[in-house]
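Starting from 1, each residue takes its place in the sequence as its number. Atoms considered below: every heavy atom in the structure, side chains included; atoms not considered: hydrogens, waters and symmetry mates.
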Amino acid sequence: MRTRLQRFIAQLTTASPTPAIKQMPFAAFFVVALFLALLLPTQFVSSGAAVIAAMVLALVASILAVYVSSRPVHPGWVLLVPSIDFVAIGLLRGGMGSGNSAFGALVLLPILWLAAERGRRFVLFATLGAVVAVLIPLAIEWRLAFDPQFVVRSLVSPLVFVVAAVVVNQLARHWQARAEDASQRAEERARLLREAVEHAERLAEREAELRALERMFRGLWAAVTEQSVIGTDRTGLIDAWSPGATKMLGYTDDETEGIRRVDEFHLQDELAARSKELNYPAGETVLNPGFSALVEPARLGVAEIREWAYRASDGRIIPVDLAVTPRLDESGDITGYLFIASDLTKAKELSRLKDEFVGLISHELRTPLSSILGYLELLRDEDGTELTANQLHYLSVAERNANRLLRLVGDLLFTAQVDSGMFQVDQSEQNLSAIVAASVESARPAAATAGIELAMSAPDRTIIRGDVVRLGQACDNLISNALKFTPRGGNVTVSVVTDAENATVSFQDTGMGIPPAELDKLFSRFFRASTATRNAVPGVGLGLVITKAIVSAHGGELGVTSEEGAGTRFTMSLPLAPVSA
């Protein structure tokens, strides 16, 4: 019951009440008129049939109002309700005497209904309805046409009703416009409120995600203790200092962030040498060429990991592998740099101990191997002793393997000398074409045995300054590699060309090639390409290391290009000897 009452009150206060609600005042006044007609029939009823017809029509209009309120119908059916009301009012006035003007005032209710509808045409409908209600009594009692009061009322009342309808229609239009505007504003506010709520929910979700990311970042930042991570702005001023940096260098973030510059922890002579190497780049700031030397490759978009030295708070010099990367904003502009360093102290110490061990073992192996080879030679050449064919074969196998082991020991000793900085070459003017030709001729028997065509092209004289023995060793290594990696029926081509400053020796084969991902590892000790291990090509991975060291000692460069399954090309570039004046 309470819910129904609430719905009824809501209908009364709504901007668009239902037809049943609009019909209620008319029905209520009609009930009052009916009560008076029943209570005092002699005073109020002049035509019982007209009163009964009016009551039936009022009941029909009320039932129709309830009906059209309960379901969607065409608007014309809704307007039928006040039209019936006009007829019922006219019959009521005719049946209760035209002088009872109190009941005639009921005509204002359907006039207000129609005049309040949208559109000026409803003013005309209300006027016609009022005229009908006024003239129906004349149809019931024609003598009223001779009553001056009735005639005056019949003329004046429609005019009053027309004016009232016009005023009501105008006010209704104004009120409806304001109601629509208010409704639109309410809808807009509701939409904005929904959007604000959705935006707040999204912000809450993003805030939760941001907090989770921040917690994860802080956890990761705190966990990076084995590498030093330092962040700077574009000028080198430190704005981020990781726990790993504190562990490595001994300074806390309070002592560095916003106070010190990253280049302060580098050796100034290293920065000066790097600046000279880069031709003193202006970079981020002309006033700080040391910092510019640190970040110049990163500023130009070149990824670089380079060995530097840090100076710790206690004065220790720490060798590090340093990667410098730019920090970018949303538009891709550089806002600063990240310096990620790994301590190489243990790695360098381990490398030193390994080199010492290799050198020591190599020295210790060289003496007994030389002794073994000497005794094998004595056994082969001893007078008065005839050896069988099998014994001679066994001696050859032992001698060949001892020589192989001795060459390996020599290579190990050579690499140890290179790593210790003790490797030197005796340089004098040499004919590079002759050195290369000698290596090619020495390799021809091996090429013929392997079924590989070995060709060479070179000018008669190519004068360089170098060590004939070491350069011959480098050529031997590269030709030997080309033959080992080329299958039977392939080709190995050696060529020498010169330009204004350099002589370049190319070693091109048609062998199995090297995977692109492994090219930068070729010059590492004991590294062997996957194609070599897959095809069981013999070797220990020292030949290219030795060759690169020889070429570098002569001021040259050793390069390589390869395509897996198509072949490999090594290039040895050496500076030409200066022309004598």
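- Leu237 and Gly258 make their closest contact through CD1-C, 3.9 Å (heavy atoms, listed as atom of the first residue, atom of the second, distance).
- For the 3.5 Å distance criterion, the side chains of Asn502 and Thr504 fail to qualify, holding no donor opposite an acceptor.
- Across all their heavy atoms, Tyr337 and Pro326 have their closest contact at CD2-CA, 3.8 Å.
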Where do Val229 and Leu338 land on the side-chain contact (heavy atoms from CB on, under 4.5 Å) test, with the steps shown first? CA-CA 7 Å; Val229 182; Leu338 278 179; 4.2 Å; yes
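- The number of heavy-atom neighbours closer than 6.0 Å to CD of Glu209, taken from other residues, nucleotides and ligands shown, is above 12.
- With sequence neighbours left out, Glu557 forms a side-chain hydrogen bond (donor to acceptor under 3.5 Å, both in side chains) with no residue at all.
- In this structure, the side chains of Ser506 and Arg569 come closer than 4.5 Å at one or more pairs of heavy atoms.
- No side-chain heavy atom of Asp239 sits under 4.5 Å from any side-chain heavy atom of Glu257.
- Contact of the Leu558 side chain with the Met572 side chain is registered, since non-hydrogen atoms from C-beta on lie closer than 4.5 Å.
- Other residues, nucleotides and ligands contribute only 12 or fewer heavy atoms inside 6.0 Å of the CD1 atom of Ile305.
- Arg316 is not listed as a side-chain neighbour of Thr345, based on a closest heavy-atom distance of 4.5 Å or more.
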Working for side-chain contact (heavy atoms from CB on, under 4.5 Å), residues Leu471 and Leu574: CA-CA 10 Å; Leu471 289 174; Leu574 299 167; 3.8 Å; yes
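- Between Gly250 and Glu255, the closest heavy-atom pair is O-OE1, 4.3 Å.
- Between Tyr251 and Ile238 there is no side-chain heavy-atom pair separated by less than 4.5 Å.
- In this structure, Asp329 contributes its side chain and Asp333 its backbone to a donor-acceptor pair below 3.5 Å.
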Enumerate, atom names and distances included, each donor-acceptor pair closer than 3.5 Å involving a side-chain atom of residues 449-466, sequence neighbours excluded.
unit_1, atom_1, unit_2, atom_2, d
Thr449, OG1, Pro445, O, 2.9
Thr462, OG1, Ser433, OG, 2.8
Arg465, NH2, Gln427, O, 3.4

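- Between Arg211 and Glu207 a salt bridge is recorded (basic side-chain N to carboxylate O distance below 4.0 Å).
- Nearest heavy atoms, Leu576 versus Ala500: CD1-O, 4.2 Å.
- Between Glu564 and Ser562, the side chains place no donor N or O within less than 3.5 Å of an acceptor N or O (distance only, hydrogens not considered).
- Taking 4.5 Å as the limit, every side-chain heavy atom of Phe485 sits out of range of all side-chain heavy atoms of Ile514.
- Checking Arg261 against Thr232 by side-chain atom types alone, no donor-acceptor pair falls below 3.5 Å.
- Using a 4.5 Å heavy-atom threshold, the side chains of Leu294 and Trp308 count as touching.
- Side chain of Asp509 to main chain of Thr568: a donor-acceptor pair is present (N/O by atom type, distance under 3.5 Å, no hydrogens or angles).
- Comment: Arg191 engages Glu195 in a salt bridge, judged by a side-chain N to carboxylate O separation of less than 4.0 angstrom.
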If you apply the rule side-chain contact (heavy atoms from CB on, under 4.5 Å), what do you find for Gln184 with Glu188, and how did you get there? CA-CA 6 Å; Gln184 291 177 357; Glu188 181 68 15; over 6 Å; no
Evaluate side-chain contact (heavy atoms from CB on, under 4.5 Å) for Val551 paired with His554, printing each intermediate quantity in order. CA-CA 5 Å; Val551 175; His554 284 79; 5.9 Å; no
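- Ring pair Phe339/Phe291 is tilted by interplanar angle, where 30° to 60° counts as tilted.
- Put simply, the side chain of Leu249 does not reach to within 4.5 Å of the side chain of Ser313, judged on heavy atoms.
- Ion pairing of Arg299 with Glu296 is present here, as a side-chain N (NZ or NE/NH1/NH2) and a carboxylate O approach within less than 4.0 Å.
- Looking only at distances, a side-chain donor or acceptor of Glu270 sits under 3.5 Å from a matching main-chain atom of Ala309.
- Taking all atoms of both residues into account, the shortest heavy-atom contact from Met248 to Ile318 is O-CD1, 3.2 Å.
- Of the N and O atoms on the side chains of Thr252 and Trp241, not one donor lies less than 3.5 Å from an acceptor on the other residue.
- For Glu205 and Arg202, the salt-bridge test fails: no basic side-chain N is under 4.0 Å from an acidic carboxylate O.
- Counting heavy atoms of neighbouring residues, nucleotides and ligands inside a 6.0 Å radius, atom CD of Glu563 does not exceed 12 of them.
- Between Leu271 and Ala293, the shortest heavy-atom distance links the atoms O-CB, 4.0 Å.
- Judged purely by distance below 3.5 Å, without hydrogens or angles, the side chains of Asp233 and Thr235 pair a donor atom with an acceptor atom.
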